Enquirer: 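Pasting a structure below so you can have a look.
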2 protein chains.
Amino acid sequence: MATIDSVPASAGRLRVAVPSVAERVARELRRQLAEGTLIPGARLTESTIAEDLGVSRNTVREAFAELASERLVVRHPNRGVFVASLGAEDIHDVYTVRRFIEVSAMRGGGSPEDVAAVRAAVEEGKRAAAAGDDEAGGTANQHFHGAIVAMARSPRLNTIMAQVLAEMRLFFHKATADALFYQRYLPDNEAICEALEAGEPDRAADLLLAYLDRSEDNLAAVHGE
Amino acid sequence: MATIDSVPASAGRLRVAVPSVAERVARELRRQLAEGTLIPGARLTESTIAEDLGVSRNTVREAFAELASERLVVRHPNRGVFVASLGAEDIHDVYTVRRFIEVSAMRGGGSPEDVAAVRAAVEEGKRAAAAGDDEAGGTANQHFHGAIVAMARSPRLNTIMAQVLAEMRLFFHKATADALFYQRYLPDNEAICEALEAGEPDRAADLLLAYLDRSEDNLAAVHGE
DNA sequence: ATCGAAGGATTGTTGAACAATCCGTAGATT
DNA sequence: AATCTACGGATTGTTCAACAATCCTTCGAT
């Protein structure tokens, strides 16, 4: 089931870098992780996945190495890899990273184009809310915070942030059960964005910090039940 | 030559986690990278390394995946992996990350034990300078900055910082040619540490920020020649 | 000198094999 | 009955060998 042989028709034709098989496997697993098909704590058996995706065990192994480096899965030596299951400490830790990076990025401000990208993410969130699409709402929220970090124009910070956001999706699925989860933060995003647009990045940073604290409490509460 | 069969005599005896072969290969390569045996831009041929270390090509591959995720090596598809060669943009980017993380960590302050660890790193640097040991000086400097981030008590930030510091070693070997490179910053470290001990983390953070800016300029200059 | 076609080398991927390790179960011991 | 031990099955860790795909170089043709 669900092979990954979806190579664009132009494969090999143009110099469009064709991702390696291992990379495609990692991508597929990442997708299932984000989508919630694979739930935290679930075991990933090498042979099973290799068969399902029609690839070799060694290739699956390489994909696992990549996902493990992103903390999306955990390796238990000689026992297998499991979908990362995050505890209360992990939630706090992830938010610590976010506070460090996002708030610093916000204080640095951004170019008009960068600010426009933040604004675009806010509007994207509004549209998703209007359409009642929770999945899109979550994505928009990630775009919002990604855009904030992107203002720093640092490739390394961007990848760090991308990984953190991917990690967050793991425990978000439980939270998303509450359909109002994201809509709740739309006013915050709007206010933060307005402060940024008004040329007051420090105020925006303070608002963002408050938002992160509240978001952490909220998520911890949902998680605790 | 230089195999990695140095398994502790107690292997299998106690429950001391024996690192996998792939992990040991990665460690050995990391060591050679930090030591300067492998210079930036150098190509790492799978078969050669496999033979040298007496392991399988697949295992080398897994080690490569790990090092690539740490940005210590770069994969050029179908061409091989090369020791990461960092340009001016990379230097700036790495320092951007350091400014974000280290300065934020500093402003948060730390427990007495955490501060003591920072102090210990400063003294370690002084001893290295007195002994004229550049290598030890570099290590002490890394301990200093690692201890600063450790104050945040965030596992994720610690690993991020560890990776960034490992990355820095790559272009430091060129800089270390100037034997005074590290000694130059000893007074800074001392001043920063004193401010921290005096309960003035914000002042310490400002000093640290100035230090990072100066350090970046310095490294960029050395790199430019 | 430019271009294109072999040739060799290296990577990407597969498949199979085997040792090492873990886990659950069934028996033996107290 | 509870604990311990030994056994067996299953899965991972690692190796090996093979092959296709791709790149780089060299050589030759235009």
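All values derive from a computational prediction rather than experimental measurement. In what follows, chains are A, B, ... by sequence order, proteins preceding strands, each numbered from 1.
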Enquirer: If you check the B:Thr45 side chain, which of C:dT11, D:dT15, C:dT14 turns out closest?
Expert: C:dT11
Enquirer: Atom CZ of A:Arg61 to atom C1' of D:dT11: distance rounded to whole Å?
Expert: 10 Å
Enquirer: Calculate the interatomic distance between B:Glu46 atom CD and C:dT13 atom C1'; express it in whole Å.
Expert: 11 Å
Enquirer: Please figure out whether A:Val60 or B:Gly80 has its closest DNA chain C nucleotide nearer the 5' end.
Expert: B:Gly80
Enquirer: Which is more 5' along DNA chain C, the nucleotide nearest A:Ser56 or the one nearest A:Pro77? Just name the residue.
Expert: A:Ser56
Enquirer: Return the value, rounded to whole Å, for the distance between atom CD of B:Glu51 and atom P of D:dA17.
Expert: 12 Å
Enquirer: With a 4.0 Å limit, can you tell me whether A:Arg75 has a side-chain N or O closer than that to the phosphate oxygens OP1/OP2 of D:dG13?
Expert: yes
Enquirer: Between atom CG in B:Asn58 and atom C1' in C:dT10, what is the gap in whole Å?
Expert: 14 Å
Enquirer: Could you give the CZ-to-P distance, from A:Arg57 to D:dG13, as a whole number of Å?
Expert: 8 Å
Enquirer: With the side chain of A:Val21 defined as its heavy atoms from C-beta on, choose the nearest nucleotide among D:dT14, C:dT11, C:dT14.
Expert: C:dT14
Enquirer: When you get a sec, tell me which of D:dT15, C:dT10, D:dC23 is the closest nucleotide to the side chain of B:Arg79?
Expert: D:dC23
Enquirer: Between D:dT15 and B:Thr59, is there an OP1 or OP2 to side-chain N/O distance shorter than 4.0 Å?
Expert: yes
Enquirer: When you check the gap from the basic side-chain N to the acidic O, do B:Arg79 and B:Glu46 get nearer than 4.0 Å?
Expert: no
Enquirer: I need the CD-P distance between B:Glu62 and C:dT11, as an integer number of Å.
Expert: 16 Å
Enquirer: Which nucleotide sits closest to the side chain of A:Arg43: D:dT11, C:dT14, C:dT10?
Expert: D:dT11
Enquirer: What are the two closest heavy atoms between A:Leu165 and A:Gln142, and how far apart are they?
Expert: O-NE2, 3.4 Å
Enquirer: When you measure from the side-chain N and O atoms of A:Ser20 to the phosphate of C:dT13, is any distance below 4.0 Å, counting only OP1 and OP2?
Expert: yes
Enquirer: Rounded to the nearest Å, what distance is computed from the CG atom of residue B:Asn78 to the P atom of nucleotide C:dA9?
Expert: 18 Å
Enquirer: Flag the pair A:Arg30 and A:Glu70 as a salt bridge only when some basic side-chain nitrogen lies within less than 4.0 angstrom of an acidic carboxylate oxygen.
Expert: yes
Enquirer: Honestly, is A:Arg214 close enough over A:Tyr211, meaning NZ or CZ under 6.0 Å from the six-membered ring centre and within 45° of the axis?
Expert: no
Enquirer: When the distance from CZ of A:Arg24 to P of C:dT14 is rounded to whole Å, what number comes out?
Expert: 9 Å
Enquirer: Would A:Arg98 count as a cation-pi partner of A:Tyr95, with NZ or CZ less than 6.0 Å from the six-membered ring centre and within 45° of the ring normal?
Expert: yes
